[in-house]
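Each ligand, and each atom within it, is numbered from 1 in the order the structure gives.
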Amino acid sequence: MSPLRIALQRKGRLAEESLRLLQEAGIPIPAIGERLRVPAAGYPLEVYLLRDDDIPSYVAEGVADIGIVGENVVAERGLPLQILRRLGFGRCRLSLAVPKESPIHSLSDLHGRQVATVYPRLTARFLQEAGVEARIQPLHGSTEIAPGLGLAEAIVDIVATGSTLLTHGLREVHVFMHSEAVLVARTENAHELLEDFLFRIDAVLAARRQKYILFNLPAEALAGAVALLPGLKSPTVMPLAEAGWISVHTVVEEGRFWEMARQLQALGAQGILVIDIEKLIR
Ligand code: ATP
Ligand code: MG
């Protein structure tokens with residue numbers, strides 16, 4: 001069987017997390033070093049290590065079966081790709097930013113001005129949708145410096161924490177889109193191994209979103225606790241050595257944990273333990 005070919009970013013913000021996802025899915029990639037093409041150990045998968053901007057083309061042309069890349073890059077390239085999974089890392093947003101003292105305070109204030117960006121296609125699309133006419137100055141990087149040097153009055157760029165904008169005396173005016181790393185494939189011709197690969201990835205992604213929790217509870221509070229807990233099916237309940245007390249185990253979504261922990265404590269729960277899950281197969 002021919003190996004599944006995956007395109008990953010070689011160096012940069014997505015590189016490490018992409019390899020970690022494969023590693024956690026039981027597909028370890030041996031030391032990459034200077035290589036651009038590396039076979040996985042113990043799984044029929046070959047990794048191509050590329051510039052992130054090139055990943056959509058490699059996948060769209062069928063040279064790689066799948067790829068991991070920022071949704072912003074996928075959207076900019078506009079190739080016929082499908083997003084198979086959103087991966088929950090590399091989160092950022094595509095925003096309009098201007099110098100702190102600029103008279104531009106909203107997207108419509110950009111009308112008739114010049115904007116520099118590494119994302120000319122997306123910028124043109126979003127400006128058109130908003131009915132704003134501005135000149136787009138395409139760049140290949142370091143857009144933050146363009147307003148200060150007088151090349152443009154505004155930039156459209158990726159923002160994560162906003163600290164880069166702050167460093168360059170820029171202020172965020174408008175958010176066009178949110179982005180995260182995505183797993184993409186061509187729109188047709190799925191590789192025969194893709195289903196097995198996705199099964200593994202899904203187990204890792206599900207586990208990352210969930211926590212295993214266990215706590216001690218007065219037995220008479222069980223019905224109240226069960227009503228609070230979603231769990232996979234229903235919680236596991238075990239008697240404690242001390243009469244009238246039980247131990248309750250279940251799986252909860254991380255985002256709901258804090259609210260639930262307070263409610264459980266109000267029911268008399270003690271010693272609430274929260275444990276990371278490595279894989280979760282539903
Ligand atoms: P390459 O050398 O592969 O072309 P790059 O410099 O274009 O890399 P990176 O800066 O490594 O790209 O960013 C890769 C992706 O990571 C971005 O396209 C975006 O989806 C995501 N990302 C997450 N946080 C940030 C951030 N703070 N700044 C820029 N990109 C971010
Ligand atoms: Mg790039």
Test item: [X] and [Y] side chains (from C-beta on) under 4.5 Å apart, heavy atoms:
| X | Y | value |
| --- | --- | --- |
| I27 | L21 | no |
| K279 | V204 | yes |
| L45 | P3 | no |
| S102 | R171 | yes |

How far is [atom] from its nearest protein heavy atom, and which residue and atom name does that atom have?
| atom | answer |
| --- | --- |
| atom 27 (N) of ligand 1 | A160 CB, 3.0 Å |
| atom 26 (C) of ligand 1 | R13 NE, 3.2 Å |
| atom 2 (O) of ligand 1 | R51 NE, 2.9 Å |
| atom 14 (C) of ligand 1 | D52 OD2, 3.4 Å |
| atom 23 (C) of ligand 1 | G90 O, 3.6 Å |

Where ligand 1 meets [X] - atom numbers and elements under 4.0 angstrom, heavy-atom basis:
| X | answer |
| --- | --- |
| L14 | 15 (C), 16 (O) |
| G70 | 20 (O) |
| K11 | 3 (O) |
| V73 | 18 (O) |
| G12 | 11 (O) |

Can I get a per-line list of side-chain donor-acceptor pairs under 3.5 Å for residues 130-148, giving both atom names and the distance, sequence neighbours left out?
| from | atom 1 | to | atom 2 | distance (Å) |
| --- | --- | --- | --- | --- |
| R135 | NH1 | Q114 | OE1 | 2.7 |
| Q137 | OE1 | Q114 | NE2 | 3.4 |
| T143 | OG1 | D157 | OD2 | 2.6 |

Nitrogen or oxygen atoms of E71 and ligand 1 under 3.5 Å apart = no
Kindly indicate whether atom 6 (O) of ligand 1 is approached by any protein heavy atom to under 4.0 angstrom.
-> no
In chain order, what residues pass the side chain to side chain contact (heavy atoms under 4.5 Å, CB included) check against Q263, with sequence neighbours excluded?
-> L228, E259
Contact partition for Q9 relative to ligand 1, non-hydrogen atoms under 4.0 Å | side chain
Check I158 against ligand 1 and report side chain, backbone, both or neither, counting heavy atoms closer than 4.0 Å.
-> side chain
Residue pair D196 / Y43, side-chain donor-acceptor N/O under 3.5 Å | yes
Got more than 12 heavy atoms from elsewhere within 6.0 Å of CD, E278?
-> no
Take atom CZ in R37; do more than 12 heavy atoms of anything else shown fall under 6.0 Å from it?
-> no
Listed as residue and atom, the protein N/O/S atoms under 2.8 Å from the Mg ion (ligand 2) are D52 OD1, D53 OD1
To atom 17 (C) of ligand 1, the nearest of D157, N72, V118 on a heavy-atom basis is N72
For the pair E180 and R91, find out whether any cationic side-chain nitrogen is under 4.0 Å from an anionic carboxylate oxygen.
-> yes
Should the pair F126 and F176 be assigned to parallel (<30°), tilted (30 to 60°) or perpendicular (>60°) ring geometry?
-> parallel
Checking salt bridge (charged side-chain N to carboxylate O under 4.0 Å, His left out) against D202, which of R282, R85, R209, R208 comes through?
-> R85
Output every pair passing salt bridge (charged side-chain N to carboxylate O under 4.0 Å, His left out) with a member in residues 243-258, not counting sequence neighbours, ordered by first then second residue.
-> K211-E254
